[in-house]
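Notes follow once the structure below has been shown.
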Amino acid sequence: MGKRKAPSRENTPNSDFCEFLTELAEYEKNVSRNIHKYNAYRKAASVLSSHPTRITSGQEAKKLNGIGEKIAKKIDEFLQTGKLQKLDNIHNDSKTTAINLLTQVTGIGPAKAQTLVSEGITSLEDLEKHKDKLNHHQLIGLKYYHDFQQKIPRNEIKQIENLIRGHLEPQIHLTICGSYRRGKQQSGDIDALITHPNYTSSQPKKKQNLLKNVVTALQNCGLITEIISLGDTKFMGACKLDKNSITRRLDIRLTPFDQYFCAVLYFTGSDMFNKQMRAHALDAGFTLNEYTLRPVGSTGVPGEPLEIHSERDIFDCIGFPYKEPQDRNQ
DNA sequence: CATCTGT
DNA sequence: CAGATG
């Protein structure tokens, strides 16, 4: 059914350049293991993406911060031929395509994909033949490759949310974040945040078993079907609404009560929105992260975390007009 | 940054 | 323990 590449439509005068630069960046990161070239390409894409006018030559591009000889040359080539030789080669390179495929299996990153390919393992079928080369996480990734590839309809998440809530002690707060909270009709996975009034950053030991208890309860009711990893504060695994449902990726994190709203805000995103909001906080003299909102003294050092009792508090404190999750999409 | 894994 | 992964 559904395939790969997300049709993310950009729209800036230089978006076509950004597109090939980010593709080059990914190639450098995943195939060559060159993090410097990777960074070089992405900063170039980044300056270009915010440049207000169309770049019409490599020479002009070169004036921008982060664009040097080599990228300028590629811009010229692209301007003249409408494509990039290097990119064509990459597309036709079987090693590259194999790595890109393997990397889609959760638990397999660029490093593991490299070694698999070097051992001649380049397809899902190959992986099936060599399960002995995979760890627990990767085995789950392989087993549910097709399921995990599927988007999750909002309504299904809603049902899962209710089911989870039904198995939590009343004291436990639950928020499903991510694109679901932003109102999207589909999501890639389910990102749940929970907290409990007795579990705070000052008494982190207190509800030490809370997460594990929740996970076993959800296992017993049949919702959680696989555990990828489980620690004191973070669970990663899979769940299935009922007998004939598709298996879905589910993450649950336990956050201290006093940091819950910063976490909810952060994990709701979007990434773009978070960046804007953090920037605004900085201008207003605060530093905002996934845990706390703190005033920044003119000395430059952050003070004590402000007490936050809602997401709104955070907006109010930094004088940022409140946005409903639905309009935090960019 | 939390968790897992292999050395 | 370092390195990989999400």
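By convention in this document, chain letters (A, B, ...) are assigned in the order of the sequence lines, proteins followed by strands, and residues within each chain are numbered from 1. What's counted below: heavy atoms across the whole structure, side chains too, no hydrogens, waters or symmetry copies.
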Distance alone, cut at 3.5 Å: any donor-acceptor contact between the side chains of A/E226 and A/H136? no
Nearest whole Å is fine: how far is B/dA2 C1' from A/I227 CD1? 15 Å
Selection: residues 229-240 of chain A, any non-hydrogen atom under 4.0 Å of DNA chain B: A/S229, A/L230, A/G231, A/D232, A/T233, A/K234
Which of these nucleotides, C/dG6, B/dC1, C/dT5, is closest to any side-chain atom of A/T106? C/dG6
Rounding to an integer number of Å, can you tell me how far A/N30 CG sits from C/dA4 P? 13 Å
To the nearest angstrom, the CG-C1' distance between A/L250 and C/dG6 comes to 14 Å
Please state how far atom CD in A/Q104 lies from atom P in C/dT5, giving the value in whole angstrom units. 15 Å
Rounded to the Å, how far apart are A/I228 CD1 and C/dA4 C1'? 15 Å
Which nucleotide, B/dC1, B/dT5, C/dG6, lies nearest any side-chain atom of A/H137? C/dG6
Out of C/dG6, C/dA4, B/dT5, which has the shortest distance to the side chain of A/N135? B/dT5
Strictly by modelled atom types, are A/T175 and A/Y260 linked by a side-chain donor-acceptor pair under 3.5 Å? yes
Side chains of A/S201 and A/D258: do they bring a donor and an acceptor to under 3.5 Å? yes
What is the distance, to the nearest angstrom, from the CD1 atom on A/I35 to the P atom on C/dT5? 13 Å
Quick check, are the ring centers of A/H280 and A/F286 under 6.0 angstrom apart? no
In whole angstrom, give the distance that lies between atom CD of A/Q138 and atom P of C/dG6. 8 Å
Classify the side-chain pair A/T115/A/E119 by whether it contains a donor and acceptor separated by less than 3.5 Å. no
Are the side chain of A/T103 and the backbone N or O of A/N100 linked by a donor-acceptor pair below 3.5 Å? no
Separation of atom CG in A/L102 from atom P in C/dT5, rounded to whole Å: 11 Å
Is it the case that the side chain of A/D191 and the backbone of A/I252 share a donor-acceptor pair, with hydrogens and angles ignored and the cut-off at 3.5 Å? no
